[in-house]
Amino acid sequence: PTIWCPTCRTAIAQAEVDDVAREATMVTLVFALEDGGALPIATTRPELLPACVAVFVHPDDARYRALVGRHAITPLFGERVPILNDYRVDPAKGTGAVMCCTFGDATDVEWWYAYHLPLIVVLDDAGRLTGRAGPYAGLTVSEARTRIIADLEAAGDVHGREAIRQTVRVHERCDTPIEHIETRQWFVRLL
């Protein structure tokens with residue numbers, strides 16, 4: 001996985017990334033539990049739902065301890081994903097349960113690698129959803145976010161929205177939010 005700018009269509013170095021504060025919406029989605037029940041998950045990236053490969057909870061979070069080892073079903077896409085625990089989950093953020101998508105951020109990359117999770121490539125190098133996103137293929141990130149939220153609401157799978165202020169990593173040259181995509185990189189050794 002590479003830090004990628006979909007506007008410049010290039011891999012970028014960590015040194016080329018800035019942090020920008022912006023307004024966002026935290027959407028609480030409802031994942032069904034495979035053996036009955038529901039699991040609420042809050043996210044600012046519902047457009048990555050087709051790339052969800054796991055759900056993580058904190059090992060000391062009593063609310064979810066009994067769910068570890070079970071499976072959840074992603075809304076809209078119906079994919080069966082494992083519920084795992086990891087100390088990097090912040091139980092106080094959102095609902096305390098986090099969807100891991102390949103790839104929404106650096107933590108998703110770390111979890112994917114550490115837990116040997118499947119790789120679902122849902123964003124292309126132009127920042128559009130791939131065929132793995134089904135009916136959302138070809139949409140930009142913002143277009144897909146709007147459509148997926150509308151479809152989740154129509155299905156009754158949105159249980160709340162909250163306006164939040166968040167820090168977003170952007171490419172310093174164009175202020176485009178960065179993505180993490182799988183791509184080839186070239187490394188040159190200088191003598």
Side-chain angles (χ1 to χ4, degrees), residues 1-8 12 14 16-31 38-58 61 64 72 74-77 81 86 88-112 120-130 132-133 136-181:
T2 305
I3 300 172
W4 187 265
C5 175
T7 297
C8 298
I12 58 176
Q14 191 74 28
E16 298 175 280
V17 177
D18 286 334
D19 290 336
V20 173
R22 72 171 187 188
E23 300 299 317
T25 302
M26 182 80 78
V27 181
T28 301
L29 314 176
V30 178
F31 281 54
L39 176 61
I41 296 177
T43 182
T44 58
R45 302 285 317 257
E47 70 278 6
L48 295 179
L49 194 55
C52 181
V53 293
V55 170
F56 281 90
V57 297
H58 194 279
D61 192 335
Y64 303 122
T74 61
L76 290 184
F77 296 91
V81 297
D86 190 281
R88 288 170 279 197
V89 175
D90 180 354
K93 185 175 180 183
T95 64
V98 181
M99 65 179 194
C100 174
C101 303
T102 54
F103 298 102
D105 61 19
T107 304
D108 285 345
V109 174
E110 292 170 15
W111 282 335
W112 167 76
I120 299 175
V121 178
V122 77
L123 288 178
D124 68 14
D125 65 354
R128 292 186 174 271
L129 274 68
T130 68
R132 292 298 299 263
Y136 309 101
L139 298 177
T140 65
V141 166
S142 63
E143 292 167 342
R145 182 179 299 140
T146 300
R147 289 244 330 257
I148 286 175
I149 290 171
D151 291 348
L152 287 163
E153 284 180 333
D157 289 327
V158 172
H159 280 208
R161 290 180 184 223
E162 177 186 357
I164 64 165
R165 189 139 179 92
Q166 73 175 162
T167 301
V168 178
R169 317 254 16 234
V170 299
H171 186 195
E172 70 178 358
R173 292 185 198 146
C174 63
D175 286 336
T176 300
I178 61 142
E179 298 293 351
H180 293 81
I181 68 169

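No hydrogens, no waters, no symmetry mates; every other heavy atom, side chains included, goes into these values.
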Main-chain N/O of Val57 paired with Asp61 side-chain donor or acceptor, under 3.5 Å: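 Side chain of Asp61 to backbone of Val57: no pair is present.
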
Donor-acceptor pair, side chain of Thr176 and main chain of His171, under 3.5 angstrom: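 Not confirmed, Thr176 side chain does not pair with His171 backbone.
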
Quick one: are [X] and [Y] in side-chain contact, heavy atoms under 4.5 Å?
X      : Y      : result
Cys52  : Phe31  : yes
Tyr136 : Leu76  : yes
Val98  : Thr107 : no
Val53  : Trp112 : no
Arg161 : Met26  : no

Charged N-O contact under 4.0 Å between Arg145 and Glu143: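 Salt bridge absent between Arg145 and Glu143.
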
Pairing of Asp19 and Arg169 as salt bridge, 4.0 angstrom limit: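 A salt bridge is present here (some side-chain N lies under 4.0 Å from a carboxylate O).
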
Find the distance between [atom1] ([X]) and [atom2] ([Y]) and round it off to the nearest 0.5 Å.
X      : Y      : atom1 : atom2 : result
His58  : Asp86  : NE2   : CG    : 8.0 Å
Thr95  : Leu39  : OG1   : CG    : 6.5 Å
Ile149 : Thr25  : CD1   : OG1   : 6.5 Å
Asp175 : Asp18  : CG    : CG    : 7.5 Å
Ile3   : Glu179 : CD1   : CD    : 11.5 Å
Leu123 : Arg132 : CG    : CZ    : 12.5 Å

Looking only at heavy atoms, which two atoms of [X] and [Y] are closest? And how far apart?
X      : Y      : result
Leu48  : Phe103 : CD1-O, 4.0 Å
Val122 : Ala51  : CG1-CB, 3.5 Å
Cys101 : Asp108 : O-OD2, 2.9 Å
Cys5   : Cys174 : SG-SG, 3.5 Å
Gly96  : Val89  : O-CG1, 3.4 Å
Pro40  : Tyr64  : O-OH, 4.3 Å

Candidate pair Ile120 and Thr102, rule side chain to side chain contact (heavy atoms under 4.5 Å, CB included), full reasoning: CA-CA 6 Å; Ile120 299 175; Thr102 54; 3.8 Å; yes

Parallel, tilted or perpendicular: rings of Trp111 and Phe56 (30°, 60°):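 It falls in the parallel class, under 30°.
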
